[in-house]
Engineer: 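One structure is given below, represented as structure tokens, and several questions about it will come after.
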Amino acid sequence: IAYSRRYAYPNRQVYNDTLDYSVKPHAKDLAELIRILDLGPVHLVGHSWGAFTSLKATIDNPELIKSLVLGEPPAHSLISNTKIGDSLINYIIENAFIPSDKAFKNNDDPQGIAAFIGGVMGDSLVYSKVSDATRERWLQNTIEMRGCVKPESIITIPPEHVSGIKIPVLVIKGDSSPLYFGKIADTIYSLLPNAKLHTLSNSSHGLQGNNPKEFNKTVLNFINEN
């Protein structure tokens with residue numbers, strides 16, 4: 001089952017400075033969806049903002065989750081307050097969040113998306129390289145992306161909350177992803193007593209989009225084992 005998060009296409013899309021675009025409401029939505037559909041405990045798979053959402057939902061609702069796959073969640077706080085971690089956080093903020101937020105404030109949605117995608121993928125030309133269909137899909141989710149780049153949208157998750165997760169966890173990172181994502185993935189892996197770490201070949205932050213065959217095989221094997 002795959003669902004579309006609030007503020008994302010085809011749901012009602014609203015941008016307002018007073019709204020919470022962090023993973024907090026998304027995690028609550030996810031938990032409620034699992035409960036309403038009477039699915040739990042589930043094998044939960046998330047990528048990027050979805051992985052951040054999945055991590056928060058698992059911490060808050062451990063009884064609903066059987067296993068967890070995390071594909072490079074942008075959990076800043078897990079690597080903060082160290083020289084290397086703060087340097088990597090500043091890099092991603094300066095190269096993805098700030099230029100994207102600036103473009104959105106200037107009502108230049110394509111540039112806002114291009115700046116963000118280019119920053120998190122480590123390639124400023126990604127937006128121009130993808131298919132028209134992919135660019136259209138990104139544009140359909142402009143509102144959520146505009147909310148995600150707000151500084152307050154990156155919530156704090158304490159390391160001890162992660163280390164308290166007892167279910168099987170698979171952490172996936174791309175071999176060509178920005179070091180920021182690799183550092184977070186390595187940190188999550190080090191905090192978990194029952195985790196596996198997989199480095200996806202020929203992949204940046206796009207993961208399943210960059211190397212779907214290896215990604216799917218790795219995830220399905222993990223789920224079958226658990």
Side-chain angles (χ1 to χ4, degrees), residues 3 5-7 19-36 39-93 96-97 120 144 147-174 177-199 205 207 218-219 222-223 225-226:
Y3 77 103
R5 297 191 301 270
R6 67 166 68 195
Y7 311 128
L19 295 177
D20 185 355
Y21 294 91
S22 76
V23 300
K24 289 181 180 179
H26 297 312
K28 291 179 180 178
D29 289 345
L30 174 56
E32 190 63 17
L33 179 67
I34 294 171
R35 291 190 179 98
I36 289 294
L39 299 173
V42 301
H43 297 289
L44 189 57
V45 181
H47 166 243
S48 193
W49 205 251
F52 202 4
T53 298
S54 298
L55 178 61
K56 176 63 173 171
T58 300
I59 290 170
D60 293 346
N61 308 273
E63 74 283 358
L64 296 179
I65 317 300
K66 185 175 183 180
S67 74
L68 177 64
V69 177
L70 297 173
E72 298 191 342
H76 282 9
S77 59
L78 297 180
I79 62 171
S80 64
N81 299 318
T82 66
K83 185 176 181 179
I84 293 177
D86 288 342
S87 175
L88 294 174
I89 291 170
N90 289 336
Y91 175 86
I92 210 74
I93 289 175
F97 285 78
V120 299
E144 194 199 19
C148 289
V149 300
K150 294 168 59 178
E152 60 268 29
S153 291
I154 301 293
I155 68 168
T156 296
I157 291 184
E160 59 268 23
H161 288 186
V162 175
S163 59
I165 296 174
K166 305 303 180 184
I167 60 172
V169 178
L170 170 63
V171 183
I172 301 179
K173 63 177 181 177
S177 293
L179 295 177
Y180 160 83
F181 290 110
K183 181 65 173 177
I184 293 174
D186 291 341
T187 301
I188 292 174
Y189 174 66
S190 71
L191 289 170
L192 290 168
N194 194 15
K196 292 184 176 181
L197 177 65
H198 180 83
T199 300
H205 183 60
L207 298 182
T218 302
V219 171
F222 173 76
I223 289 174
E225 292 171 357
N226 294 287

Engineer: Under the criterion side-chain contact (heavy atoms from CB on, under 4.5 Å), which of I223, L70, V69, L30 is the partner of L44?
Structural biologist: L30
Engineer: For K28, enumerate each residue passing the side chain to side chain contact (heavy atoms under 4.5 Å, CB included) test, keeping only those at least two apart in sequence or located in another chain.
Structural biologist: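 With neighbours one apart ignored, the set is empty.
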Engineer: We want to know whether S22 and E152 form a side-chain donor-acceptor pair, criterion being a heavy-atom distance below 3.5 angstrom.
Structural biologist: no
Engineer: Calculate, to the nearest 0.5 Å, the distance between atoms NE2 and CG belonging to H26 and L33 respectively.
Structural biologist: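 Taking NE2 in H26 and CG in L33, the distance rounds to 13.5 Å.
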Engineer: Would you please name every residue forming a side-chain hydrogen bond (donor to acceptor under 3.5 Å, both in side chains) with H161, sequence neighbours left out?
Structural biologist: none
Engineer: Do I165 and I65 have side chains that approach each other closer than 4.5 Å (heavy atoms only, starting at C-beta)?
Structural biologist: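 Not touching, per the 4.5 Å side-chain cut-off.
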Engineer: Answer yes or no: is there a side-chain heavy-atom contact under 4.5 Å between I167 and N194?
Structural biologist: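 I167 does not reach N194 side chain to side chain.
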Engineer: Please assess L170 against L68 for the test side-chain contact (heavy atoms from CB on, under 4.5 Å), listing each intermediate value before the final yes or no.
Structural biologist: CA-CA 6 Å; L170 170 63; L68 177 64; over 6 Å; no
Engineer: Just to verify, what does E160 make a side-chain hydrogen bond (donor to acceptor under 3.5 Å, both in side chains) with, not counting sequence neighbours?
Structural biologist: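 Applying side-chain hydrogen bond (donor to acceptor under 3.5 Å, both in side chains) to E160 gives none.
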Engineer: If you count the non-hydrogen atoms of other residues, nucleotides and ligands that lie under 6.0 Å from CG in L39, is the total more than 12?
Structural biologist: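 Result for CG/L39: enclosed.
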Engineer: Mind checking ring pair (Phe, Tyr, Trp, His ring centres under 6.0 Å) for H47 and listing every partner two or more places apart, or none if nothing turns up?
Structural biologist: H205
Engineer: Compare every heavy atom of K66 with every heavy atom of P168, then report the nearest pair and how far apart it is.
Structural biologist: CD-O, 3.5 Å
Engineer: Compare every heavy atom of F181 with every heavy atom of I92, then report the nearest pair and how far apart it is.
Structural biologist: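 Taking I92 first and F181 second, the nearest heavy atoms are CD1-CE1, 4.3 Å.
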Engineer: Determine, step by step, whether I157 and I59 satisfy the side-chain contact (heavy atoms from CB on, under 4.5 Å) criterion, reporting the C-alpha distance in whole Å, the side-chain angles of both residues, the deciding distance to 0.1 Å, and the verdict.
Structural biologist: CA-CA 9 Å; I157 291 184; I59 290 170; 3.7 Å; yes
Engineer: With side chains defined as the heavy atoms from C-beta onward, is the minimum distance between I188 and P73 less than 4.5 Å?
Structural biologist: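 Counting from C-beta outward, I188 and P73 do come under 4.5 Å.
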Engineer: Return the minimal non-hydrogen interatomic distance between A57 and A27, and the atom names on each side.
Structural biologist: N-CB, 3.7 Å
Engineer: Can you check whether F222 reaches N226 side chain to side chain, under 4.5 Å on heavy atoms?
Structural biologist: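 Yes, at least one pair of side-chain atoms sits under 4.5 Å.
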Engineer: Hey, does I154 have a side-chain heavy atom less than 4.5 Å from the side chain of F97?
Structural biologist: yes
Engineer: I want to check something: taking the side chain as every heavy atom from C-beta on, are I155 and F52 in contact at a cut-off of under 4.5 Å?
Structural biologist: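 The answer is yes; the side chains approach within 4.5 Å.
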Engineer: Quick one, I184 and E72 - any side-chain contact, counting heavy atoms below 4.5 Å?
Structural biologist: no
Engineer: Enter the distance from I79:CD1 to S87:OG here, rounded to the nearest 0.5 Å.
Structural biologist: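 Going from the CD1 atom of I79 to the OG atom of S87 covers 9.5 Å.
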Engineer: Suppose we screen for salt bridge (charged side-chain N to carboxylate O under 4.0 Å, His left out). Which residues come up paired with K196, at least two apart in sequence or across chains?
Structural biologist: E225
Engineer: Could you list all the side-chain hydrogen bond (donor to acceptor under 3.5 Å, both in side chains) pairs where at least one residue sits in residues 53-63, not counting sequence neighbours?
Structural biologist: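 Residue pairs passing side-chain hydrogen bond (donor to acceptor under 3.5 Å, both in side chains), neighbours aside: R35-N61, R35-E63, K56-D60.
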Engineer: Any Lys/Arg nitrogen of D29 or R5 sitting under 4.0 Å from an Asp/Glu carboxylate oxygen of the other?
Structural biologist: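 Answer for the salt bridge query: no.
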Engineer: Scan residues 186-195 for pairs that pass salt bridge (Lys or Arg N to Asp or Glu O under 4.0 Å), counting only residues two or more places apart or in two chains.
Structural biologist: K173-D186
Engineer: Y7: what forms a ring pair (Phe, Tyr, Trp, His ring centres under 6.0 Å) with it, not counting sequence neighbours?
Structural biologist: Y21
Engineer: Residues two or more places apart in sequence or in another chain: which of them pass side-chain hydrogen bond (donor to acceptor under 3.5 Å, both in side chains) with N90?
Structural biologist: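 N90 satisfies side-chain hydrogen bond (donor to acceptor under 3.5 Å, both in side chains) with no other residue.
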Engineer: Under the rule for salt bridge (charged side-chain N to carboxylate O under 4.0 Å, His left out), what residues qualify as partners of D20, not counting sequence neighbours?
Structural biologist: none
Engineer: Considering residues at least two apart in sequence or located in another chain, which fulfil the side-chain hydrogen bond (donor to acceptor under 3.5 Å, both in side chains) criterion with S153?
Structural biologist: none
Engineer: S163 and P193: which non-hydrogen atoms are nearest, and at how many Å?
Structural biologist: O-CD, 4.0 Å
Engineer: Does the side chain of K166 reach to within under 4.5 Å of the side chain of P62, using non-hydrogen atoms?
Structural biologist: no
Engineer: Taking only residues two or more places apart in sequence, or in another chain, which ones meet K183 in a salt bridge (charged side-chain N to carboxylate O under 4.0 Å, His left out)?
Structural biologist: none
